[in-house]
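The structure under discussion appears below in the form of structure tokens.
The sequence lines fix the lettering, A, B, ..., with proteins before strands; numbering per chain opens at 1.
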Amino acid sequence: MTIRIYNTLSNQKEPFEPLQPGRVYMYVCGITAYDLCHVGHARSAIVFDVIYRYLQYRGFDVVCVRNFTDVDDKIIKRAQEEGTNSQAVAERYIEAFYEDMDQLGVARPDYEPRATQFIPEMIELIEILIEKGFAYQVDGDVYFAVERFSGYGKLSKRKLDDMIAGARVAVEPGKKNPMDFALWKASKPGEPAWASPWGEGRPGWHIECSAMSTKYLGSTFDIHGGGKDLIFPHHENEIAQSEAAFGKIFARYWVHNGFVNIDQEKMSKSLGNFFTIREVYERYQPEVLRLFLLTSHYRSPVDFSPESMSEAERGLERFYQTIEQVIELTGDLSSSGQLPTSKDTEFSSLRDKIDSILSRFQNDMDDDFNTAAALGQLFDLSRALNRFQDSRSRKPTPEEKELLAQGGHRLRECANVLGLLQRSPEEFFQEHRRMSLATLGIGEEEVEGMIAERAQARKEKNWARADEIRDKLAEMSIMVEDKAEGTRWRVKTASN
RNA sequence: GGCGGCAUGGCCAAGUGGCUAAGGCAACGGUCUGCAAAACCGUUAUUCCCCGGUUCGAAUCCGGGUGCCGCCUCCA
């Protein structure tokens, strides 16, 4: 089986064949560091993190680059408002980005260049474009002449004439064509500036990605990713710059993630309908956000709401509970050896599920990284593991233990590709309780005290008292679970 | 106005020509339990927005309609 990837360039799924067998070169557009990241940024980061992990899981040597835009209008504006410089602003938000992403478990790409580190490369690229007649200078500005590049519009499927007709921007004086875009901008006083053949200035937005991707990945590479909103103009312009300059295909597979919506509308800064990642962390563990974002296919829009976050939270509880049970029963999850066999029907049925999980998971992921379907397989396995344990009232045999341990291990192995379920269940549940109690404003000691009191009542078979306490806890959204080893409790997730 | 996308059970969400339309959440019934909870079992779409068409066969392909969304300005 080969991996199939939906390519924005062709608008269809294509078999994935990297330029060099066994190696993948990918570039993902990162953030402009001028503010805190919101859930939309988290989605993009997670989607490409999963693609990165999955390609590695499938045995590819992957070189992944994700940039930081650290010079731009918004950063400059912010710096002026704060009375600092744009470097300080960028630095601060890059730092914040790392904090948010680390918690989400987003792996660091191999290279994370910043635009300002590649000014000479950008200037060089612009010079090539001028030399080849694809760019022209007007005062201190340099523009790309879109009419000169015949492929312009091939990614976003637009025609130049249509774009001009529908253009909502005031035409900049000096541009030969309204759709021409800036490669280099003359800087105004007080703005960050670099010396260039066209005078003091700074790069336009799009040129950095062309320069940096070429530097790390070559003039043709395999995968280029980013949010759907980057298709036009950003990625269209990158193609124009790079292909005009080098005369080669730029990126071969264009991958774009869908938006995060709120009430069916795109979450965005300008609409003001966004939640920062940090705000989400106040209420939910980062892993909840991750699971939530992976329950839909990466190209579909996904609606962010408390309800769906709670659903994801319940889903995580379910997974961790299965793992916890398996660990309790087997001591540890083992990965060694072959799967044990037995004539027992329940045993064989679970064995088959475990035996096929990797290929089922891989089939779904091969199909354009269908994490939603892949998660379905994992839930299915989770239930099979629970069912098997439920069906055994007696102590499990060594073979049964081995089977469960391997099942748990494979569940985790697959989940790891999605960046999920890597913590210990204890850690997850503890954190879950801590956060939920904080939201409710209840102290843990208080709950523990009531639980202890109830345990005493139960010991004395004073059921009335025990139930009274349980009802009180229930009013506080605390659900108790009496197990053989003692009573456990969890906070019921709101809005379930 | 131009271009693109989406519409699947109470909710979320896979499935893009043919096995019983995955999976999760919720609800109800059952097993377990002192009673519960959790877990497990069962029930919940003969049907995939509507109307036509292609086909032996369509949720899946084609045409038309309706509704929603996105891009065309910075945006993941």
(message) According to a cutoff of under 5.5 Å between the ring centres and under 30° between the ring planes, does A:Phe379 stack with the base of B:rG23?
(response) no

(message) I'd like the P distance from B:rG23 over to B:rA58, given in whole Å.
(response) 25 Å

(request) Using Watson-Crick or G-U wobble geometry with both distances below 3.5 Å, tell me the partner of B:rG18, or none. (result) B:rC56

(message) Quick test of your reading of the model: are A:Arg4 and A:Asp366 salt-bridged, counting only N-O distances below 4.0 Å?
(response) no

(request) With heavy atoms under 4.0 Å as the rule, sort A:His297 into base, sugar-phosphate or nothing. (result) sugar-phosphate

(request) Output the single nucleotide from B:rC25, B:rA13, B:rA76 whose closest atom is nearest the side chain of A:Ala372. (result) B:rA13

(request) Report the nucleotide, chosen from B:rG4, B:rA13, B:rC74, that has the shortest atom-to-atom distance to any side-chain atom of A:Pro233. (result) B:rC74

(request) Would you indicate what A:Gly315 reaches in the nucleic acid, counting non-hydrogen atoms under 4.0 angstrom: base, sugar-phosphate, or nothing? (result) nothing

(request) When you get a sec, tell me which of B:rG24, B:rU16, B:rA76 is the closest nucleotide to the side chain of A:His41? (result) B:rA76

(request) May I ask you to evaluate whether A:Lys266 reaches the phosphate of B:rC71, defined as a side-chain N or O under 4.0 Å from OP1 or OP2? (result) yes

(request) Could you state the atom-to-atom distance from CG of A:Leu421 to P of B:rG24 in whole Å? (result) 15 Å

(message) Measure NZ/A:Lys461 against C1'/B:rU33 and give the value in whole Å, please.
(response) 12 Å

(request) Could you measure between the two C1' atoms, the one in B:rG42 and the one in B:rU54, and give it in whole Å? (result) 41 Å

(request) Determine the contact category for A:Asn370: base if any of its heavy atoms lies under 4.0 Å from a base atom, sugar-phosphate if only primed atoms, P, OP1 or OP2 are that close, otherwise nothing. (result) sugar-phosphate

(message) Distance to the ring centre below 6.0 angstrom and angle to the axis at most 45 degrees; does that hold for A:Lys13 and A:Tyr6?
(response) no

(message) Assess, by modelled atom type and distance only, whether the side chains of A:Tyr52 and A:Asp110 contain a donor and an acceptor separated by less than 3.5 Å.
(response) yes

(request) Could you tell me whether the phosphate oxygens of B:rC41, OP1 or OP2, come under 4.0 Å of any side-chain nitrogen or oxygen in A:Arg387? (result) yes

(message) Under a 3.5 Å cut-off for both contacts, is B:rU46 paired Watson-Crick or G-U wobble with anything, and if yes, with which nucleotide?
(response) none

(message) Any base atoms under 4.0 Å from A:Glu481, or only sugar-phosphate, or nothing? Heavy atoms, all strands.
(response) base

(request) Have a look at A:Arg66 and say if it touches a base, only the backbone sugar-phosphate, or nothing, with a 4.0 Å heavy-atom cut-off. (result) nothing

(message) Between A:Ser308 and B:rG24, is there a contact of a side-chain N or O with OP1 or OP2 at under 4.0 Å?
(response) no

(message) Under 4.0 Å, counting only non-hydrogen atoms across every strand here, what does A:Arg383 touch: a base, just sugar-phosphate, or nothing?
(response) sugar-phosphate

(request) Tell me whether the OP1 or OP2 atom of B:rG4 has a side-chain N or O from A:Arg158 closer than 4.0 Å. (result) no

(request) Determine the contact category for A:Leu230: base if any of its heavy atoms lies under 4.0 Å from a base atom, sugar-phosphate if only primed atoms, P, OP1 or OP2 are that close, otherwise nothing. (result) sugar-phosphate

(message) Once you apply a heavy-atom cut-off of 4.0 Å, does A:Gly258 come out as touching a base, just sugar-phosphate, or nothing?
(response) base

(message) Checking base pairs now: Watson-Crick or wobble, both atom distances under 3.5 Å. What partners B:rC40?
(response) B:rG30

(message) As a test of understanding, state which of A:Lys353, A:Arg318, A:Arg387 forms a salt bridge (Lys or Arg N to Asp or Glu O under 4.0 Å) with A:Asp380.
(response) A:Lys353

(request) Name the nucleic acid region contacted by A:Ser156, choosing base, sugar-phosphate or nothing; use a 4.0 angstrom heavy-atom cut-off, strictly under. (result) sugar-phosphate

(request) Answer with base, sugar-phosphate or nothing: what part of the nucleic acid does A:Asn386 contact at a heavy-atom distance below 4.0 Å? (result) sugar-phosphate

(request) Could you tell me whether A:Lys269 sits above the aromatic face of A:Tyr34, with NZ or CZ closer than 6.0 angstrom to the six-membered ring centre and within 45 degrees of the axis? (result) yes

(message) How many whole angstroms separate atom CG of A:Asn257 from atom P of B:rG4?
(response) 21 Å

(message) Would you say A:Arg318 places a side-chain N or O within less than 4.0 Å of OP1 or OP2 belonging to B:rG24?
(response) yes

(message) Between B:rA39 and B:rU47, how far apart are the two C1' atoms, rounded to whole Å?
(response) 32 Å

(request) Pick base, sugar-phosphate or nothing for A:Val47, based on heavy-atom distances below 4.0 Å to the nucleic acid. (result) nothing

(request) Compare the minimum distances between each of B:rG15, B:rA76, B:rC69 and the side chain of A:Asn261, then state the nucleotide with the smallest one. (result) B:rC69

(request) Ignoring the backbone of A:Arg314, work out which of B:rA26, B:rA36, B:rG23 is nearest its side chain. (result) B:rA26

(request) For B:rU20 versus B:rG4, give the span between their C1' atoms, rounded off to a whole number of Å. (result) 37 Å

(request) Determine the contact category for A:Thr322: base if any of its heavy atoms lies under 4.0 Å from a base atom, sugar-phosphate if only primed atoms, P, OP1 or OP2 are that close, otherwise nothing. (result) nothing

(request) Provide the Watson-Crick or G-U wobble partner of B:rC6, both distances under 3.5 Å; none if there is no partner. (result) B:rG67

(request) Sticking with atom P, work out how far B:rC11 lies from B:rC49, rounded to a whole angstrom. (result) 13 Å

